[in-house]
2 protein chains.
Amino acid sequence: MPGRKKPTMPPATPAKAATINDIARLSGVSKKTVSRIINQSPLVRKDTRERVEALMREVGYAPDPMARGLAFRKSFLIGMVYDNPTAQYIVDMQYGVLDALRESAFELVVHPCDTRSPGYIDGVRRFVQQQKLHGVILVPRASEDQALADMLDEIGCRYTRVASVALGSNSSQQVITHDRDGAAEAADYLLSLGHRDIALITGPSAYRSTYERTNGFVEALRRRGLELPPERICEAGYTFESGVAAAEKLLLGSKQRPTAIFTGNDEMAAGVYRVSMRAGIQIPRELSVVGYDDSPLASRLWPPLTSVRRQTRDTGRTAAAMLIQPEDAKTLSVASVRPHLIVRDSCQPPAN
Amino acid sequence: MPGRKKPTMPPATPAKAATINDIARLSGVSKKTVSRIINQSPLVRKDTRERVEALMREVGYAPDPMARGLAFRKSFLIGMVYDNPTAQYIVDMQYGVLDALRESAFELVVHPCDTRSPGYIDGVRRFVQQQKLHGVILVPRASEDQALADMLDEIGCRYTRVASVALGSNSSQQVITHDRDGAAEAADYLLSLGHRDIALITGPSAYRSTYERTNGFVEALRRRGLELPPERICEAGYTFESGVAAAEKLLLGSKQRPTAIFTGNDEMAAGVYRVSMRAGIQIPRELSVVGYDDSPLASRLWPPLTSVRRQTRDTGRTAAAMLIQPEDAKTLSVASVRPHLIVRDSCQPPAN
DNA sequence: CTGAAAGCGCTTACAG
DNA sequence: CTGAAAGCGCTTACAG
């Protein structure tokens, strides 16, 4: 043969993927029947269904989400809307959502935002409408903004809210994390160790979780007959630095130090550790500390921090599962994920 | 009027969104011309373009990504593929990618995976092909797997790799993070303080970053005439626990303790802190420590950890920008983001 | 520089 | 239980 010209291989694109038409033709049914099978319609004879499904598996057919989305006027995308500053929380939530989406036709598209910026609701609206999202998962603090929820209702977008307590007036799907109970467990634990002079560093008041954790803690103490004086409650901002400032006020500002501190999250507990270190206050011998989140940080600190675990991945999984269940199966409208205390080495009975 | 029947309001769905046909009709051009304007074709007269664009803004028109995707046979989705265990790194990378995608038609869909599981490449392939992704961003360790890159080449999928050093044979787009230089800066810093007995805790050998950081560190010492003996190099697994184990070997196992330790990431540095705490070794008086990542953890530890900052958000932004630039503008094929040392309080000159 | 026709791969609405 | 026609909102390929 003249020349060494190789037979022209078709370039990178291997055999074009099968379409609904190929499946219909090869299995001898109409494309409408194939469509019924894709969409799990019961109106297909069992043997037809099985024959077609076998063919789909054989050729590796998967319906095109864009074509389906165009016809449905709705995409197969789930949005996650959040402005939480804690990386581990966000990543855990994403993992949970993806757990629920696996084996489904849905994918996760992320949308961080800043709930304090004026245009953020419009940003979410554009995101939802342009992508024709199937639904969105709202994570605190975005989930607590009623104006956001109202906007989503108005444009007819499904959503699931993750919230520290059952929220609001309308019937939106929710996953409740019962922060009140988690904080109460922390309170009971400190009381059981014998602490009576306890202080509290809260998150910012703009967060509903702050309200829940604060009240859960205060009321649990009250149930056991202990009233927390106002000067033992210090509002901070969920950040390390704000935790440092609050701890300074609590530990260095007054003659009488509390024997235990509960903080609204682990970051602020790290702030308490920092101040204690600097001031030579020994944890747990002179000061017991309990955090909230059970983040990786909790076990990196020394001594390892006792903290309330949130089961964030479960929360994300549940939220996504609720969102993608069929419209008619309205079984799940409110779900719960319960926190619980993880005891490590940051607490002991008070010294005296 | 009989009855109090309200005029039937159309339900939740407000005025249907404008389509390309509406824009064409209202502005008196063909839909093809509108399409040209959407796609920034130069083949449109300036005044026509301006008139139509004004109308688009007025009615708030945005083209439907599913319809465009169906016609293009390619979606407007960017995938991010990763199996990195560090939450902050992932979140920073996502933020960076979203920075670059803002104001574009693209959205980010996340795809964590496990590069040690046998089916993971098939999983990525299905993800890419079913969603007809516009491109994917590969993050370590996934970015270092040549088999993954080969598969993406084979199916004709664009991708950008984030890697610690320029990688491989083919011409894929890359963002290089120069981990070798970051580690060298850590070495120079410790040398400049006067340390001569230095130890190294590395990440797992399966990571290219481990190789780069280790060699960058070792060679920087060598350039200054210091040869690191093998027993001062300890392989660990990038986790806190593995850092603890390595630190125990280095600090408690031998008579002569090193005066400084460099660790492949901050998590393992936290392990060194833990062991030092337990053994009563004071940082930095008796032991200097340098980490890598400059994660939030670095400033939560006591004393605050000196660490190499990675600029992850910039890295993500650059990677995404490269991916969505037009095919013809091949200007950017390799980009660099440089690490640098953040000095805090975990180092000082050796005691003797 | 502009446009009419056909098609991307699905589903809806209607018939049977 | 099954199917033929029309359409979702865009782009490609071809003409002018």
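- Distance, A:N21 CG to C:dC8 P: 8 Å, rounded to whole Å.
- The side chain of B:S30 places no N or O atom within less than 4.0 Å of a non-bridging phosphate oxygen (OP1 or OP2) of C:dA4.
- The distance from atom CD1 of A:I20 to atom C1' of C:dG7 is 16 Å, rounded to the nearest whole Å.
- To the nearest angstrom, C1' of D:dC10 lies 14 Å from NZ of B:K132.
- Remark: P of C:dT12 and CG of A:L43 are 13 Å apart, rounded to the nearest angstrom.
- Between A:K31 and A:P42, the one whose closest nucleotide on DNA chain D sits nearer the 5' end is A:P42.
- Regarding contacts with the backbone of C:dG9, every side-chain N or O of A:T19 stays at 4.0 angstrom or more from both OP1 and OP2.
- Contacts of A:N39 with the nucleic acid, taken as non-hydrogen atoms under 4.0 Å apart, involve only primed sugar atoms and P, OP1 or OP2.
- Taking only side-chain nitrogens and oxygens, A:T48 never comes nearer than 4.0 Å to OP1 or OP2 of D:dC1.
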Audit row: B:R161, B:Q173, side-chain contact (heavy atoms from CB on, under 4.5 Å) steps and yes/no: CA-CA 6 Å; B:R161 292 201 268 189; B:Q173 296 180 321; over 6 Å; no
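- Under 3.5 Å, the side chain of B:R36 and the base of C:dT2 form at least one donor-acceptor pair of N or O atoms.
- Between A:K32 atom NZ and D:dG7 atom P the separation is 16 Å, expressed in whole Å.
- The residue among B:G28 and A:A71 whose nearest nucleotide of DNA chain C is located toward the 5' end is B:G28.
- Residues A:H134 and A:F106 place their aromatic rings such that the two centres sit under 6.0 Å apart.
- For the OP1/OP2 pair of C:dT11 and a distance below 4.0 Å, the side-chain nitrogens and oxygens of A:S35 include at least one atom meeting the criterion.
- Checking D:dA13 for Watson-Crick or G-U wobble geometry (two distances, each under 3.5 Å) identifies no partner in any strand.
- The interatomic distance linking B:F72 (CZ) with C:dG9 (P) rounds to 15 Å, in whole Å.
- Nearer the 5' end of DNA chain C, as judged by each residue's closest nucleotide, is the contact made by B:K46, out of B:L70 and B:K46.
- How far CZ of A:R36 is from CZ of A:R45: 13.0 Å, rounded to the nearest 0.5 Å.
- Between the side chain of A:T315 and the backbone N or O of A:Q311 there is at least one donor-acceptor pair closer than 3.5 Å.
- As a whole-Å value, the separation of B:K74 NZ from C:dG9 P is 15 Å.
- Distances shown here put every side-chain N or O of A:T33 at or beyond 4.0 Å from the OP1 or OP2 atom of D:dT2.
- Between the side chain of B:R73 and the base of C:dG9, no donor-acceptor pair of N or O atoms lies under 3.5 Å.
- The phosphate of C:dT11 (OP1 or OP2) has a side-chain N or O of A:R68 nearer than 4.0 angstrom.
- In this structure, the CZ atom of B:R51 is 15 Å from the P atom of C:dC1, given to the nearest Å.
- Using modelled atom types, no side-chain atom of B:S35 and backbone atom of B:K31 make a donor-acceptor pair closer than 3.5 Å.
- Using a 4.0 Å heavy-atom distance criterion, B:F76 is classed as making no nucleic acid contact.
- In this structure, D:dA4 makes no Watson-Crick or G-U wobble pair, since no nucleotide meets both defining distances under 3.5 angstrom.
- A:D92 places no side-chain N or O within 3.5 Å of a backbone atom of A:T312 that could act as its donor or acceptor partner.
- Dashed line: the shortest gap from a side-chain N or O of A:Y61 to OP1 or OP2 of C:dC10 is under 4.0 Å.
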